[in-house]
Amino acid sequence: MNLYEGMNPEQQEAVEYTEGPLLLLAGAGSGKTRVLTHRIAYLIEHKGVAPWSIMAITFTNKAAQEMRERVDKLLEYGAGSVWVSTFHSACVRILRRYIDRIGYNTNFSIYKPDDQKTLMKDVLKTLDMDPKTYKERSMLAEISRAKNENIDPDLFESQAGGEWAKRRIAEVYREYQKQLKQNNALDFDDLLMKTVELFVKCPDVLDMYQERLRYIMVDEYQDTNTVQFKLVSLLAGKYRNLCVVGDDDQSIYKFRGANIQNILSFEKVFPDAKVIKLEQNYRSTKNILNAANGVISHNAGRKEKSLWTENEEGAKVDFRQFFSGFEEAEYITGDIARQVREGKCSYRDCAVLYRTNAQSRLFEEKLLMANIPYRLVGGINFYDRKEINDLLAYLKTVANPSDDLAVRRIINVPKRGIGATTINRVAEHAQEQGIGFFDALCEARHIPAIGRSLAKLESFVEFIEVLRTRAEYLSVKELMDEIIEKTGYVKELEEEDTDEARGRIENIDEFITKIVTYEEEKKALEEEPTVGGFLSEVALVADIDTVESDNDRVLLMTLHSAKGLEFSNVYMAGMEDGIFPSYMAITGDDSDDLEEERRLCYVGITRAMKHLTLTAVQQRMIRGETQYNKVSRFIREIPRELVDLGRSADAEKKRDIPLPNTSFMQMKQNFKARALDPRQFTVKKADKLDYEVGDTVRHVKFGVGIVTAIVEGGKDYEVTVDFDRVGVKKMFAAFAKLKKV
DNA sequence: ATCGCGCAAATTTTT
DNA sequence: TTTGCGCGAT
């Protein structure tokens, strides 16, 4: 395999420059993933580096998965041993192993924003603080900001000095951490911060990882925050083979603590760093790229860089204005329908991008009416649904006995006649005795004033205890079945017999399928599936991670979610001052905020390969109120000669779309029933396998082997392979992803 | 203990 | 427009 085929000199140089710090400034569409994957292959094949001493960190699980697949294609074997992961998943993996060294239990829970909010409410109550002046939202934002800077409560307090307001927040922060710890739980930011703490406090653990991970690569480096930088510096501290890839023009996560200084001053921190720029764009037409360049040139303080392309000039960038959001959505939908009808593209080539999730509704509605398949990314996550969170809370309760939040969520779900007063009494008792909520439940008979509720509490405790015992030998799926069976959760929904309840049952079925998928995948990798493992995985999936490329659908998502993706046809909707750039960015006094919006615009434009359409409207409904906005200033920053304003507005013939006689919700329901065909979630059994008995095949982790048997089962083929290195293994075809060599 | 009504508040972006 | 919460009734 020629690793350099079709690579430009800079890309080649980046692949070959393996020792010491390297900063790769890679513009949009400049083939950085290609460079990274080839670099990994080069390290293994030409430098004899062991696959397991290479770590690549990406921003999303989707990106990680893609990178794994691409490395796998380049290599004969060993690709499975390269550690490709997101920051958060990597940290979970490290902490599940060693967090007991810093005083937590390795079966810790991971608290998502919803859980954080609940916990924060408790914290504010404990501290007796007025929730009107101290909003949990802003408290959590402050704490998150601190954690992203690796500031612990002590440091926070000392930084507060004499400032009264800040000292108060420090108090909240301290109590919040205390309660997290009592629950043996970590929030997202803790995952990073505690890993750093672990490395600092336990040099032997750090040393072990340093010795193992000798080559480290970080993708989307412009979006790393201070803790992430610290983490990477620690890991790479010994061998200093650190390659970071980023583009300061695509830094769009400052609000989440991303520190653009990480990239701007990389050369100061690593004075011997080599800098390579990738400036040739392979993705977009000249017109699109120039439009992007035009916009981003209005930002100050950028790294010197000019993106160019050899691609054709292409069509001009379309800009269309409409009266209301209704017509905007109609136009975009109609345009997609037309393009597909004329055979110019497929649905999957089209993406509608917008600034806020709330804007998705109108597009959903129109696409639904036009019968165009779509996938909505983001907004309400699958795992944010009530029924799913209830079931997850059961699993958390079983896995982590200290997780009071989980216990309290499910203690009366489904209704067991245990009400607020009883729960408060138990909580008080726990507080007095300095024990956990669940422990307090166990000794409920010693709590005065529990009265008649005692029997109910005891039977609940017994139920959980039984589950914990059974969990020792049941699979995750079996455990979940038992929970559903014994609680009567689904049965209750069935009796409700409403559309809503039916939807919930569907979600639960989907959830169970996800459990099964998780278990099968783990088994295919010869790893033990566990409740804790499943919970970690679930906590860290973003909606974008679950977008399958093999479905032919239009994608709807925010500009943020679109980072790292590309489409032939991109529609950027809501190009209005106050929407994009957001009202906050315009009115705020920080010019940085506006620049970040501009970078976001740059990211959006550079997603497009062939066609870019920007739209704006005169009046827009925002939470019930009509707003009148001016055309986005970003439109004016695109060189005029690159823009096509379309025929005059009245020449745009409005086509009549028949009004549906069904409600939006109902249509959505129907669409869901059609789109979420069960086949999509169960593993599809291949019609036939592309290998047979006697063939030599390759497995990501086990390497090369010979197929000795194939048994056809109901759901899938069970394949037996005799591997050169690890011996005979049995596996399911759909998960093992064996490739004939 | 549970249900339901009515009023208030909220929306930037996410691992 | 949608969601969340508090209070009163059963």
Side-chain angles (χ1 to χ4, degrees), chain A residues 57-64 85-92 110-114 116-118 121 131-132 135-138 141 144 147-148 186-192 220 223-225 227-228 251-258 325 353-362 365 377-381 383-384 386 412-424 452-453 456 536-545 557-564 574 578-588 593 596-597 599-601 603-604 620-627 664-665:
Chain A
I57 304 174
T58 60
F59 199 68
T60 62
N61 293 300
K62 185 180 163 63
S85 142
T86 64
F87 270 106
H88 294 267
S89 330
C91 288
V92 169
I110 299 169
Y111 280 3
K112 296 200 281 211
D114 270 351
Q116 296 184 54
K117 247 170 110 184
T118 316
K121 266 182 213 155
K132 292 235 162 60
K135 296 249 192 322
E136 78 242 13
R137 242 180 83 82
S138 60
S144 177
K147 286 182 175 179
N148 286 326
L186 304 182
D187 65 17
F188 279 175
D189 300 322
D190 279 340
L191 294 175
L192 304 166
E220 306 283 10
D223 286 320
T224 52
N225 61 36
V227 205
Q228 286 166 332
S251 163
I252 55 173
Y253 282 104
K254 195 185 118 190
F255 72 93
R256 210 174 69 191
L353 311 182
Y354 36 77
R355 178 66 236 269
T356 65
N357 280 308
Q359 288 167 258
S360 67
R361 286 191 61 105
L362 283 168
E365 227 163 304
V377 179
I380 10 98
N381 193 310
Y383 292 103
D384 287 338
K386 206 187 305 156
N412 201 29
V413 177
K415 303 262 175 303
R416 297 187 174 87
I418 303 171
T421 18
T422 310
I423 292 171
N424 282 338
R452 268 177 306 147
S453 304
K456 294 171 192 160
S536 312
E537 206 149 289
V538 154
L540 299 176
V541 281
D543 208 18
I544 190 73
D545 299 331
M557 67 185 120
T558 61
L559 288 150
H560 282 88
S561 299
K563 194 178 70 160
I579 304 290
F580 187 34
S582 77
Y583 180 75
M584 300 292 255
I586 296 174
T587 54
D593 290 348
E596 177 143 321
E597 296 280 308
R599 289 192 291 269
L600 189 56
C601 184
V603 167
R620 187 176 289 279
M621 279 274 258
I622 302 284
R623 53 173 196 259
E625 254 179 313
T626 308
Q627 257 186 27
F664 175 53
M665 284 315 282

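Model, not experiment: these values are computed from the prediction. Below, chain A is the first sequence line, B the second, and so on; all start at residue 1.
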Base, sugar-phosphate alone, or nothing: which one does [X] contact when heavy atoms must sit under 4.0 Å apart?
{"X": "A/Tyr253", "value": "sugar-phosphate"}
{"X": "A/Asp543", "value": "nothing"}
{"X": "A/Arg599", "value": "nothing"}
{"X": "A/Phe59", "value": "sugar-phosphate"}
{"X": "A/Ser561", "value": "sugar-phosphate"}
{"X": "A/Ala585", "value": "nothing"}
{"X": "A/Asn412", "value": "sugar-phosphate"}
{"X": "A/Lys135", "value": "sugar-phosphate"}

Who are the side chain to side chain contact (heavy atoms under 4.5 Å, CB included) partners of [X], not counting sequence neighbours?
{"X": "A/Tyr583", "value": "A/Thr587"}
{"X": "A/Leu540", "value": "A/His88, A/Ser89, A/Val92, A/Phe188, A/Leu191"}
{"X": "A/Lys386", "value": "A/Asp390, A/Arg409, A/Arg504"}
{"X": "A/Leu362", "value": "A/Phe326, A/Ala329"}

Span of DNA chain B, from the first to the last nucleotide whose atoms fall under 4.0 Å of chain A heavy atoms: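 First and last nucleotides in contact are B/dA1 to B/dT15.
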
side-chain contact (heavy atoms from CB on, under 4.5 Å) partner of A/His560, the single match among A/Ile544, A/Val603, A/Leu600: A/Leu600

P-based separation of C/dG4 from B/dT13 [nearest Å]: 15 Å

Distances for protein N/O vs nucleotides 5-8 of chain C N/O pairs under 3.5 angstrom?
| residue | atom | partner | partner atom | Å |
| --- | --- | --- | --- | --- |
| C/dC5 | OP1 | A/Lys121 | NZ | 2.8 |

